[in-house]
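Heads up: the structure comes next, in structure tokens.
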Amino acid sequence: MQIRYFAGAAEAAGCESHTVEVSGLDVAALVAQLGEGNERLAKVLSVSTLLADGARVEGSHDLSGVQQLDVLPPFAGG
């Protein structure tokens, strides 16, 4: 699956996107995996909205078959 990071999430991750294998993972497990060893990214992930192929997901949602996950941190403005 391709993971795309936006705004502060990209800054915390150190990249705008990368590819990971998610077979058998749910959202919570993937978030834990992505944040492992990167406390800053883990913090951003904990408050971000996650979109799997355009649909909001969280927690125990199974990621099998998902092609793209977007990480959207909170933002202000209008």
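Computed over heavy atoms, backbone and side chain alike; hydrogens, waters and symmetry mates excluded. Positions are given from 1, in the same order as the sequence printed here.
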Of all the heavy-atom pairs spanning Asn38 and Ala13, show the shortest one and how long it is.
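Shortest heavy-atom contact: ND2-CA, 4.3 Å.
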Closest contact, heavy atoms only, Ser64 versus Gly24:
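Heavy-atom minimum between the residues: OG-N, 4.0 Å.
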Of all pairs that satisfy ring pair (Phe, Tyr, Trp, His ring centres under 6.0 Å), the ones with a partner from [range], not counting sequence neighbours:
range	result
residues 21-53	none
residues 10-32	Tyr5-His18
residues 20-41	none

Partner set under side chain to side chain donor-acceptor pair (under 3.5 Å) for Glu11, not counting sequence neighbours:
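Once residues adjacent in sequence are excluded, the partners of Glu11 under the side chain to side chain donor-acceptor pair (under 3.5 Å) criterion are Arg40.
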The criterion is side chain to side chain donor-acceptor pair (under 3.5 Å); which residues satisfy it with Ser23, sequence neighbours excluded?
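Applying side chain to side chain donor-acceptor pair (under 3.5 Å) to Ser23 gives Glu21.
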Could you check whether any side-chain N or O of Asp53 sits under 3.5 Å from a backbone N or O of Gln68, counting only pairs where one atom can act as donor and the other as acceptor?
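Side chain of Asp53 to backbone of Gln68: a pair is present.
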Got a sec, which residues hit side chain to side chain contact (heavy atoms under 4.5 Å, CB included) with Ala29, two or more places apart in sequence or on another chain?
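Result, side chain to side chain contact (heavy atoms under 4.5 Å, CB included) vs Ala29: Leu25, Asp26.
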For a quick test of your reading: what N or O donor-acceptor pairs under 3.5 Å do the side chains of residues 41-50 make, sequence neighbours left out?
unit_1, atom_1, unit_2, atom_2, d
Ser46, OG, Lys43, O, 2.6
Ser48, OG, Val44, O, 2.7

Which distance, rounded to the nearest 0.5 Å, do you find between the CD of Gln2 and the CG of Leu69?
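With rounding to 0.5 Å, CD (Gln2) is 10.0 Å from CG (Leu69).
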Listed by chain and number, what are the salt bridge (Lys or Arg N to Asp or Glu O under 4.0 Å) partners of Glu16, not counting sequence neighbours?
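Applying salt bridge (Lys or Arg N to Asp or Glu O under 4.0 Å) to Glu16 gives none.
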Test question: given the 4.5 Å side-chain rule for I, L, V, M, F, W and Y, name all other residues clustered with Leu72, or answer none.
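Same cluster as Leu72: Phe6, Leu51.
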Taking only distance into account, with no hydrogens and no angle test, what donor-acceptor pairs under 3.5 Å do side-chain atoms of residues 30-37 form with protein atoms, sequence neighbours excluded?
none

Do Ile3 and Val20 make a side-chain contact, defined as non-hydrogen atoms from C-beta onward lying under 4.5 Å apart?
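Yes; the side chains approach each other to less than 4.5 Å.
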Applying salt bridge (Lys or Arg N to Asp or Glu O under 4.0 Å), which residue pairs with at least one partner in residues 60-70 are found, sequence neighbours left out?
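As it turns out, the salt bridge (Lys or Arg N to Asp or Glu O under 4.0 Å) pairs with a partner in residues 60-70, which skip direct neighbours, are Arg4-Asp70.
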